[in-house]
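If you're wondering where the values come from, they're calculated on a predicted model, not measured in any experiment. Note on naming: letters A, B, ... go to the chains in the order of the sequence lines (proteins, then strands), and numbering restarts at 1 for each one.
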Protein chains: 2
Amino acid sequence: MSRLAILGAARDLLLERGYERLTIDAIAARAGVGKQTIYRWWASKSAVVADAALEGDLAPPLVPLPDTGDIETDLGDWLRAWTERLTTAEGTSLILALTAATADDRAVADTLYDRFTQPHEQLLRDRLELARVAGQLAPDAPVPTIAGVLIGSMLYRVLSRQAPPTADDANLVVRLVFNGSGNRSRRTGV
Amino acid sequence: MSRLAILGAARDLLLERGYERLTIDAIAARAGVGKQTIYRWWASKSAVVADAALEGDLAPPLVPLPDTGDIETDLGDWLRAWTERLTTAEGTSLILALTAATADDRAVADTLYDRFTQPHEQLLRDRLELARVAGQLAPDAPVPTIAGVLIGSMLYRVLSRQAPPTADDANLVVRLVFNGSGNRSRRTGV
DNA sequence: CAGTTACGAGACGATTTGTCTCGGAACCGG
DNA sequence: CCGGTTCCGAGACAAATCGTCTCGTAACTG
(Lines give C-alpha, C1' and ligand atoms only; values in the text may rest on other atoms or scores of the structure.)
Protein backbone atom coordinates (compact mmCIF):
# COMPACT_ATOMS: atom_id res chain seq x y z
CA MET A 1 0.00 0.00 0.00
CA SER A 2 1.39 3.34 -1.01
CA ARG A 3 -0.84 5.12 1.48
CA LEU A 4 1.93 5.45 4.03
CA ALA A 5 4.41 6.66 1.43
CA ILE A 6 1.96 9.39 0.45
CA LEU A 7 1.29 10.48 4.00
CA GLY A 8 4.99 10.44 4.78
CA ALA A 9 5.78 12.58 1.73
CA ALA A 10 2.98 14.96 2.63
CA ARG A 11 4.34 15.28 6.13
CA ASP A 12 7.89 16.00 4.94
CA LEU A 13 6.77 18.61 2.43
CA LEU A 14 4.42 20.16 4.94
CA LEU A 15 7.24 20.71 7.40
CA GLU A 16 9.58 21.92 4.66
CA ARG A 17 7.34 24.31 2.78
CA GLY A 18 4.18 24.93 4.74
CA TYR A 19 0.58 24.37 3.79
CA GLU A 20 0.24 27.07 1.14
CA ARG A 21 3.16 25.90 -0.90
CA LEU A 22 2.34 22.24 -0.66
CA THR A 23 1.28 20.73 -4.02
CA ILE A 24 -0.26 17.41 -4.92
CA ASP A 25 2.25 16.99 -7.71
CA ALA A 26 5.11 17.34 -5.27
CA ILE A 27 3.59 14.81 -2.90
CA ALA A 28 3.11 12.32 -5.73
CA ALA A 29 6.65 12.85 -6.99
CA ARG A 30 8.26 12.42 -3.59
CA ALA A 31 6.12 9.41 -2.75
CA GLY A 32 6.96 7.83 -6.11
CA VAL A 33 3.30 7.56 -6.88
CA GLY A 34 0.91 8.63 -9.61
CA LYS A 35 -1.32 11.57 -8.90
CA GLN A 36 -4.36 9.46 -9.54
CA THR A 37 -3.44 7.27 -6.60
CA ILE A 38 -3.72 10.31 -4.35
CA TYR A 39 -7.02 11.42 -5.82
CA ARG A 40 -8.31 7.88 -5.47
CA TRP A 41 -8.25 8.21 -1.69
CA TRP A 42 -8.47 11.87 -0.83
CA ALA A 43 -10.68 14.63 -2.11
CA SER A 44 -8.45 17.61 -1.51
CA LYS A 45 -5.13 18.86 -0.27
CA SER A 46 -6.59 19.67 3.11
CA ALA A 47 -7.88 16.10 3.49
CA VAL A 48 -4.44 14.67 2.76
CA VAL A 49 -2.93 17.04 5.29
CA ALA A 50 -5.46 16.05 7.91
CA ASP A 51 -4.68 12.37 7.47
CA ALA A 52 -0.95 13.03 7.33
CA ALA A 53 -1.20 14.80 10.67
CA LEU A 54 -3.21 11.99 12.18
CA GLU A 55 -1.53 8.89 10.80
CA GLY A 56 1.86 9.78 9.50
CA ASP A 57 3.31 9.80 13.01
CA LEU A 58 3.18 13.56 12.79
CA ALA A 59 0.76 13.63 15.67
CA PRO A 60 2.82 13.37 18.80
CA PRO A 61 1.51 10.69 21.12
CA LEU A 62 -0.42 12.27 23.94
CA VAL A 63 1.84 13.80 26.52
CA PRO A 64 1.13 11.69 29.59
CA LEU A 65 -0.68 13.41 32.42
CA PRO A 66 0.10 11.61 35.67
CA ASP A 67 -1.94 11.79 38.84
CA THR A 68 0.39 12.35 41.76
CA GLY A 69 -2.43 13.75 43.85
CA ASP A 70 -1.21 17.34 43.33
CA ILE A 71 -3.23 18.77 40.49
CA GLU A 72 -1.28 21.99 40.17
CA THR A 73 2.07 20.24 39.85
CA ASP A 74 0.68 17.64 37.48
CA LEU A 75 -0.90 20.23 35.20
CA GLY A 76 2.24 22.36 35.31
CA ASP A 77 4.38 19.41 34.27
CA TRP A 78 1.98 18.53 31.51
CA LEU A 79 1.61 22.03 30.14
CA ARG A 80 5.37 22.57 30.12
CA ALA A 81 5.95 19.32 28.25
CA TRP A 82 3.16 20.07 25.80
CA THR A 83 4.46 23.59 25.22
CA GLU A 84 7.96 22.28 24.58
CA ARG A 85 6.57 20.06 21.84
CA LEU A 86 4.70 22.94 20.28
CA THR A 87 7.74 25.14 20.19
CA THR A 88 10.08 22.79 18.39
CA ALA A 89 10.60 23.68 14.75
CA GLU A 90 8.52 20.69 13.71
CA GLY A 91 5.77 21.33 16.19
CA THR A 92 5.42 24.95 15.12
CA SER A 93 5.35 24.11 11.40
CA LEU A 94 2.77 21.48 12.10
CA ILE A 95 0.51 23.77 14.08
CA LEU A 96 0.70 26.49 11.46
CA ALA A 97 -0.07 24.04 8.68
CA LEU A 98 -2.97 22.45 10.50
CA THR A 99 -4.38 25.83 11.39
CA ALA A 100 -4.27 26.87 7.75
CA ALA A 101 -6.00 23.63 6.78
CA THR A 102 -8.60 24.26 9.49
CA ALA A 103 -9.31 27.75 8.18
CA ASP A 104 -9.52 26.35 4.66
CA ASP A 105 -12.03 23.56 5.06
CA ARG A 106 -14.79 23.05 7.57
CA ALA A 107 -14.87 19.26 7.35
CA VAL A 108 -11.13 19.10 7.90
CA ALA A 109 -11.52 21.40 10.87
CA ASP A 110 -13.91 18.95 12.46
CA THR A 111 -11.68 15.96 11.77
CA LEU A 112 -8.59 17.65 13.09
CA TYR A 113 -10.33 18.85 16.20
CA ASP A 114 -11.83 15.45 16.99
CA ARG A 115 -8.69 13.46 16.46
CA PHE A 116 -5.92 15.92 17.20
CA THR A 117 -6.88 18.70 19.60
CA GLN A 118 -9.84 17.27 21.43
CA PRO A 119 -7.96 14.29 22.90
CA HIS A 120 -5.54 16.65 24.62
CA GLU A 121 -8.39 18.73 25.91
CA GLN A 122 -10.21 15.62 27.12
CA LEU A 123 -7.13 14.46 28.97
CA LEU A 124 -7.03 17.75 30.83
CA ARG A 125 -10.73 17.67 31.57
CA ASP A 126 -10.60 14.17 33.00
CA ARG A 127 -7.70 14.99 35.26
CA LEU A 128 -9.31 18.27 36.36
CA GLU A 129 -12.58 16.54 37.10
CA LEU A 130 -10.79 14.05 39.32
CA ALA A 131 -9.16 16.92 41.18
CA ARG A 132 -12.45 18.74 41.55
CA VAL A 133 -14.16 15.70 42.99
CA ALA A 134 -11.20 15.19 45.30
CA GLY A 135 -11.70 18.70 46.63
CA GLN A 136 -8.54 20.17 45.18
CA LEU A 137 -10.55 22.53 43.07
CA ALA A 138 -13.52 24.68 43.96
CA PRO A 139 -16.72 22.64 43.69
CA ASP A 140 -18.01 24.88 40.94
CA ALA A 141 -14.72 25.12 39.06
CA PRO A 142 -15.50 25.35 35.33
CA VAL A 143 -13.48 22.35 34.20
CA PRO A 144 -14.00 22.66 30.43
CA THR A 145 -13.17 26.34 30.56
CA ILE A 146 -9.95 25.67 32.43
CA ALA A 147 -8.83 23.10 29.88
CA GLY A 148 -9.56 25.51 27.04
CA VAL A 149 -7.71 28.33 28.76
CA LEU A 150 -4.56 26.27 29.25
CA ILE A 151 -4.44 25.05 25.67
CA GLY A 152 -5.67 28.25 24.07
CA SER A 153 -3.18 30.47 25.86
CA MET A 154 -0.17 28.53 24.66
CA LEU A 155 -1.56 28.04 21.17
CA TYR A 156 -2.17 31.75 20.84
CA ARG A 157 1.48 32.47 21.49
CA VAL A 158 2.54 29.98 18.83
CA LEU A 159 0.04 31.15 16.22
CA SER A 160 0.87 34.82 16.64
CA ARG A 161 4.41 33.91 15.54
CA GLN A 162 5.87 36.43 17.94
CA ALA A 163 7.65 35.32 21.12
CA PRO A 164 6.93 31.59 21.41
CA PRO A 165 5.75 30.39 24.81
CA THR A 166 8.38 29.26 27.28
CA ALA A 167 8.33 26.95 30.27
CA ASP A 168 7.96 30.05 32.44
CA ASP A 169 4.88 31.08 30.51
CA ALA A 170 3.35 27.68 31.08
CA ASN A 171 4.05 27.93 34.79
CA LEU A 172 2.54 31.39 35.02
CA VAL A 173 -0.64 30.33 33.28
CA VAL A 174 -1.09 27.33 35.54
CA ARG A 175 -0.49 29.43 38.63
CA LEU A 176 -2.90 32.04 37.37
CA VAL A 177 -5.63 29.53 36.70
CA PHE A 178 -5.30 28.03 40.17
CA ASN A 179 -4.65 31.07 42.30
CA GLY A 180 -6.13 33.91 40.32
CA SER A 181 -4.65 37.35 40.19
CA GLY A 182 -7.13 39.26 42.36
CA ASN A 183 -5.81 40.77 45.55
CA ARG A 184 -8.60 40.01 47.96
CA SER A 185 -8.23 36.30 48.53
CA ARG A 186 -4.61 35.74 47.78
CA ARG A 187 -2.44 33.53 49.98
CA THR A 188 0.82 32.62 48.34
CA GLY A 189 1.82 32.07 44.79
CA VAL A 190 5.08 30.22 44.65
CA MET B 1 -6.57 56.44 -5.93
CA SER B 2 -7.91 52.98 -6.52
CA ARG B 3 -6.19 51.69 -3.41
CA LEU B 4 -9.35 51.86 -1.36
CA ALA B 5 -11.41 50.18 -4.07
CA ILE B 6 -8.91 47.31 -4.10
CA LEU B 7 -8.91 46.90 -0.35
CA GLY B 8 -12.69 47.08 -0.27
CA ALA B 9 -13.01 44.42 -2.96
CA ALA B 10 -10.48 42.24 -1.14
CA ARG B 11 -12.45 42.59 2.05
CA ASP B 12 -15.75 41.64 0.40
CA LEU B 13 -14.30 38.63 -1.35
CA LEU B 14 -12.47 37.57 1.77
CA LEU B 15 -15.69 37.50 3.74
CA GLU B 16 -17.55 35.78 0.91
CA ARG B 17 -15.12 33.07 -0.09
CA GLY B 18 -12.37 32.82 2.49
CA TYR B 19 -8.65 33.23 2.14
CA GLU B 20 -7.86 30.10 0.15
CA ARG B 21 -10.37 30.82 -2.58
CA LEU B 22 -9.51 34.48 -2.87
CA THR B 23 -7.84 35.35 -6.20
CA ILE B 24 -6.06 38.43 -7.41
CA ASP B 25 -8.05 38.35 -10.63
CA ALA B 26 -11.31 38.46 -8.72
CA ILE B 27 -10.11 41.37 -6.61
CA ALA B 28 -9.07 43.29 -9.73
CA ALA B 29 -12.36 42.57 -11.48
CA ARG B 30 -14.52 43.60 -8.58
CA ALA B 31 -12.46 46.70 -7.92
CA GLY B 32 -12.63 47.63 -11.62
CA VAL B 33 -8.88 47.77 -11.72
CA GLY B 34 -6.10 46.23 -13.76
CA LYS B 35 -4.13 43.45 -12.14
CA GLN B 36 -0.94 45.39 -12.60
CA THR B 37 -2.30 48.08 -10.31
CA ILE B 38 -2.51 45.51 -7.54
CA TYR B 39 0.95 44.14 -8.20
CA ARG B 40 2.29 47.66 -8.26
CA TRP B 41 1.57 48.05 -4.57
CA TRP B 42 1.50 44.60 -3.03
CA ALA B 43 3.82 41.66 -3.37
CA SER B 44 1.41 38.85 -2.63
CA LYS B 45 -2.12 37.86 -1.79
CA SER B 46 -1.28 37.71 1.89
CA ALA B 47 0.03 41.29 1.81
CA VAL B 48 -3.18 42.55 0.24
CA VAL B 49 -5.19 40.70 2.85
CA ALA B 50 -3.12 42.17 5.63
CA ASP B 51 -3.69 45.71 4.37
CA ALA B 52 -7.36 45.04 3.72
CA ALA B 53 -7.74 43.95 7.30
CA LEU B 54 -5.92 47.00 8.57
CA GLU B 55 -7.25 49.79 6.38
CA GLY B 56 -10.40 48.66 4.68
CA ASP B 57 -12.41 49.27 7.83
CA LEU B 58 -12.38 45.53 8.31
CA ALA B 59 -10.49 45.99 11.51
CA PRO B 60 -13.09 46.85 14.08
CA PRO B 61 -12.15 49.94 16.02
CA LEU B 62 -10.76 48.95 19.37
CA VAL B 63 -13.48 47.89 21.72
CA PRO B 64 -13.33 50.59 24.39
CA LEU B 65 -12.08 49.49 27.78
CA PRO B 66 -13.41 51.88 30.39
CA ASP B 67 -11.98 52.36 33.86
CA THR B 68 -14.82 52.33 36.34
CA GLY B 69 -12.48 51.42 39.14
CA ASP B 70 -13.64 47.81 39.14
CA ILE B 71 -11.15 45.87 37.07
CA GLU B 72 -13.07 42.61 37.02
CA THR B 73 -16.27 44.22 35.78
CA ASP B 74 -14.42 46.31 33.23
CA LEU B 75 -12.51 43.36 31.83
CA GLY B 76 -15.64 41.23 31.79
CA ASP B 77 -17.50 43.87 29.81
CA TRP B 78 -14.63 44.24 27.43
CA LEU B 79 -14.09 40.54 26.85
CA ARG B 80 -17.77 39.94 26.26
CA ALA B 81 -17.95 42.75 23.72
CA TRP B 82 -14.77 41.59 22.03
CA THR B 83 -16.02 38.01 21.90
CA GLU B 84 -19.31 39.10 20.40
CA ARG B 85 -17.42 40.77 17.58
CA LEU B 86 -15.33 37.67 16.98
CA THR B 87 -18.36 35.43 16.77
CA THR B 88 -20.30 37.36 14.16
CA ALA B 89 -20.16 35.77 10.73
CA GLU B 90 -17.90 38.58 9.56
CA GLY B 91 -15.63 38.44 12.56
CA THR B 92 -15.15 34.71 12.25
CA SER B 93 -14.41 34.84 8.53
CA LEU B 94 -11.94 37.59 9.16
CA ILE B 95 -10.13 35.75 11.92
CA LEU B 96 -9.89 32.56 9.87
CA ALA B 97 -8.58 34.48 6.88
CA LEU B 98 -6.03 36.41 8.88
CA THR B 99 -4.87 33.28 10.61
CA ALA B 100 -4.36 31.58 7.26
CA ALA B 101 -2.41 34.61 6.04
CA THR B 102 -0.35 34.53 9.22
CA ALA B 103 0.50 30.87 8.76
CA ASP B 104 1.38 31.58 5.14
CA ASP B 105 3.84 34.42 5.43
CA ARG B 106 6.11 35.44 8.25
CA ALA B 107 6.31 39.13 7.32
CA VAL B 108 2.55 39.34 7.15
CA ALA B 109 2.34 37.64 10.52
CA ASP B 110 4.48 40.39 12.03
CA THR B 111 2.47 43.17 10.42
CA LEU B 112 -0.87 41.72 11.45
CA TYR B 113 0.28 41.16 14.98
CA ASP B 114 1.69 44.67 15.36
CA ARG B 115 -1.30 46.47 13.92
CA PHE B 116 -4.20 44.14 14.60
CA THR B 117 -3.73 41.89 17.62
CA GLN B 118 -1.14 43.72 19.62
CA PRO B 119 -3.20 46.90 20.11
CA HIS B 120 -5.93 44.88 21.78
CA GLU B 121 -3.40 43.14 23.94
CA GLN B 122 -1.79 46.44 24.84
CA LEU B 123 -5.13 47.90 25.83
CA LEU B 124 -5.63 45.03 28.25
CA ARG B 125 -2.13 45.33 29.61
CA ASP B 126 -2.45 49.02 30.29
CA ARG B 127 -5.73 48.61 32.08
CA LEU B 128 -4.41 45.65 34.07
CA GLU B 129 -1.29 47.54 35.05
CA LEU B 130 -3.40 50.40 36.38
CA ALA B 131 -5.40 47.92 38.43
CA ARG B 132 -2.26 46.28 39.75
CA VAL B 133 -0.79 49.59 40.85
CA ALA B 134 -4.13 50.47 42.42
CA GLY B 135 -3.95 47.31 44.50
CA GLN B 136 -6.81 45.53 42.80
CA LEU B 137 -4.49 42.83 41.60
CA ALA B 138 -1.80 40.95 43.43
CA PRO B 139 1.43 42.96 43.36
CA ASP B 140 3.18 40.23 41.41
CA ALA B 141 0.28 39.57 39.02
CA PRO B 142 1.74 38.63 35.60
CA VAL B 143 0.00 41.30 33.57
CA PRO B 144 1.19 40.28 30.09
CA THR B 145 0.30 36.67 30.79
CA ILE B 146 -3.19 37.63 31.87
CA ALA B 147 -3.78 39.62 28.71
CA GLY B 148 -2.59 36.72 26.57
CA VAL B 149 -4.78 34.26 28.45
CA LEU B 150 -7.92 36.33 27.95
CA ILE B 151 -7.36 36.80 24.23
CA GLY B 152 -5.92 33.38 23.53
CA SER B 153 -8.72 31.52 25.25
CA MET B 154 -11.43 33.12 23.17
CA LEU B 155 -9.44 32.95 19.96
CA TYR B 156 -8.83 29.26 20.47
CA ARG B 157 -12.54 28.61 20.59
CA VAL B 158 -13.06 30.50 17.34
CA LEU B 159 -10.16 28.91 15.49
CA SER B 160 -11.10 25.38 16.46
CA ARG B 161 -14.38 26.00 14.61
CA GLN B 162 -16.30 23.96 17.13
CA ALA B 163 -18.59 25.62 19.66
CA PRO B 164 -17.88 29.36 19.35
CA PRO B 165 -17.32 31.21 22.61
CA THR B 166 -20.35 32.77 24.30
CA ALA B 167 -20.80 35.61 26.72
CA ASP B 168 -20.88 33.01 29.48
CA ASP B 169 -17.52 31.67 28.39
CA ALA B 170 -16.06 35.16 28.53
CA ASN B 171 -17.43 35.63 32.04
CA LEU B 172 -16.05 32.31 33.21
CA VAL B 173 -12.59 33.07 31.90
CA VAL B 174 -12.50 36.46 33.58
CA ARG B 175 -13.68 35.02 36.86
CA LEU B 176 -11.15 32.24 36.57
CA VAL B 177 -8.31 34.62 35.96
CA PHE B 178 -9.23 36.77 38.94
CA ASN B 179 -10.32 34.22 41.47
CA GLY B 180 -8.56 31.07 40.37
CA SER B 181 -10.05 27.64 40.66
CA GLY B 182 -8.08 26.25 43.58
CA ASN B 183 -10.02 25.39 46.69
CA ARG B 184 -7.74 26.73 49.40
CA SER B 185 -8.22 30.46 49.16
CA ARG B 186 -11.61 30.76 47.61
CA ARG B 187 -14.15 33.29 48.86
CA THR B 188 -17.00 33.71 46.44
CA GLY B 189 -17.23 33.92 42.76
CA VAL B 190 -20.50 35.45 41.85
C1' DC C 1 -1.75 -18.40 -20.41
C1' DA C 2 -5.60 -15.20 -20.86
C1' DG C 3 -8.27 -11.91 -17.95
C1' DT C 4 -8.42 -8.63 -14.41
C1' DT C 5 -6.86 -5.23 -11.32
C1' DA C 6 -3.66 -1.79 -9.43
C1' DC C 7 -0.91 1.87 -10.35
C1' DG C 8 3.17 4.79 -12.16
C1' DA C 9 3.56 7.99 -15.71
C1' DG C 10 2.21 11.71 -17.88
C1' DA C 11 -0.98 14.23 -21.38
C1' DC C 12 -4.72 17.32 -21.15
C1' DG C 13 -7.82 21.55 -20.50
C1' DA C 14 -9.01 24.75 -16.92
C1' DT C 15 -7.60 28.11 -13.61
C1' DT C 16 -4.51 31.16 -11.41
C1' DT C 17 -0.27 33.56 -11.14
C1' DG C 18 2.88 37.31 -12.08
C1' DT C 19 4.83 39.97 -16.08
C1' DC C 20 4.37 42.52 -20.18
C1' DT C 21 2.39 45.57 -23.57
C1' DC C 22 -1.16 48.51 -25.55
C1' DG C 23 -4.15 52.40 -25.70
C1' DG C 24 -6.88 55.91 -23.73
C1' DA C 25 -7.64 59.44 -20.26
C1' DA C 26 -5.97 63.05 -17.27
C1' DC C 27 -2.79 66.43 -16.33
C1' DC C 28 1.17 69.91 -17.55
C1' DG C 29 3.87 73.39 -19.81
C1' DG C 30 3.93 76.42 -23.40
C1' DC D 1 -5.12 74.75 -28.18
C1' DC D 2 -1.50 71.26 -28.40
C1' DG D 3 2.47 67.98 -27.70
C1' DG D 4 4.45 65.36 -23.91
C1' DT D 5 4.22 62.66 -19.89
C1' DT D 6 2.21 59.79 -16.48
C1' DC D 7 -1.28 56.82 -14.73
C1' DC D 8 -3.89 52.88 -15.22
C1' DG D 9 -7.72 49.63 -17.19
C1' DA D 10 -7.59 45.88 -20.18
C1' DG D 11 -6.00 41.88 -21.49
C1' DA D 12 -2.24 38.74 -23.82
C1' DC D 13 1.14 35.67 -22.26
C1' DA D 14 4.08 31.74 -20.20
C1' DA D 15 4.55 29.14 -16.10
C1' DA D 16 2.56 26.58 -12.40
C1' DT D 17 -1.02 23.90 -10.49
C1' DC D 18 -5.25 21.56 -10.47
C1' DG D 19 -8.24 17.54 -11.19
C1' DT D 20 -9.41 14.19 -14.93
C1' DC D 21 -8.18 11.05 -18.34
C1' DT D 22 -5.68 7.50 -20.78
C1' DC D 23 -1.91 4.31 -21.53
C1' DG D 24 1.17 0.67 -20.58
C1' DT D 25 3.16 -2.47 -17.38
C1' DA D 26 3.45 -5.48 -13.55
C1' DA D 27 1.24 -8.52 -10.36
C1' DC D 28 -2.26 -11.46 -9.23
C1' DT D 29 -6.17 -14.96 -10.47
C1' DG D 30 -8.18 -18.94 -12.21
Whole-Å distance between [N] [atom2] and [X] [atom1]?
X       : N      : atom1 : atom2 : answer
A/Tyr39 : D/dT17 : OH    : P     : 12 Å
B/Ile38 : D/dC7  : CD1   : C1'   : 16 Å
B/Leu13 : C/dT16 : CG    : C1'   : 15 Å
A/Arg40 : D/dG19 : CZ    : C1'   : 14 Å
A/Lys45 : D/dA16 : NZ    : P     : 17 Å
B/Glu20 : C/dT16 : CD    : P     : 13 Å

Quiz item: Which ones in residues 96-105 of chain B lie close to DNA chain D, meaning a heavy atom under 4.0 Å from one of its atoms?
Solution: none
Does any N or O in the side chain of [X] come within less than 3.5 Å of the main-chain N or O of [Y], such that one atom is a donor and the other an acceptor?
X        : Y        : result
A/Ser181 : B/Val177 : yes
B/Asp77  : B/Asp74  : no
B/Lys45  : B/Tyr19  : yes

Quiz item: Would you say B/Ile146 and B/Leu124 make side-chain contact, with heavy atoms under 4.5 Å?
Solution: no
Quiz item: Within a strict 4.5 Å, meaning less than it, do heavy atoms of the A/Leu75 and A/Phe178 side chains meet?
Solution: yes
Self-check item: Any donor-acceptor N/O pair under 3.5 Å between C/dG10 base and A/Lys35 side chain
Solution: no
Quiz item: Cluster question for you: counting only ILVMFWY and a side-chain heavy-atom cut-off of under 4.5 Å, with indirect links fine, are A/Leu98 and A/Trp42 together?
Solution: yes
Self-check item: Atom CZ of A/Arg161 with >12 non-hydrogen neighbours under 6.0 angstrom
Solution: yes
Quiz item: Of all of residues 21-33 of chain A, which get a heavy atom below 4.0 angstrom from DNA chain C, listed by number?
Solution: A/Gly32, A/Val33
Quiz prompt | Shortest side-chain distance from B/Gln36, nucleotide among D/dC8, D/dG19, D/dA10 | solution = D/dA10
Quiz item: Does B/Thr37 place a side-chain N or O at less than 4.0 Å from the phosphate oxygens OP1/OP2 of D/dC7?
Solution: no
Can you list, pair by pair, the side-chain donor-acceptor contacts under 3.5 Å of residues 33-40 of chain A, counting residues two or more places apart and other chains?
from	atom 1	to	atom 2	distance (Å)
A/Lys35	NZ	A/Asp25	OD1	3.3
A/Thr37	OG1	A/Arg40	NH2	3.3

Quiz prompt | Residue pair B/Asp169 / B/Thr166, side-chain donor-acceptor N/O under 3.5 Å | solution = yes
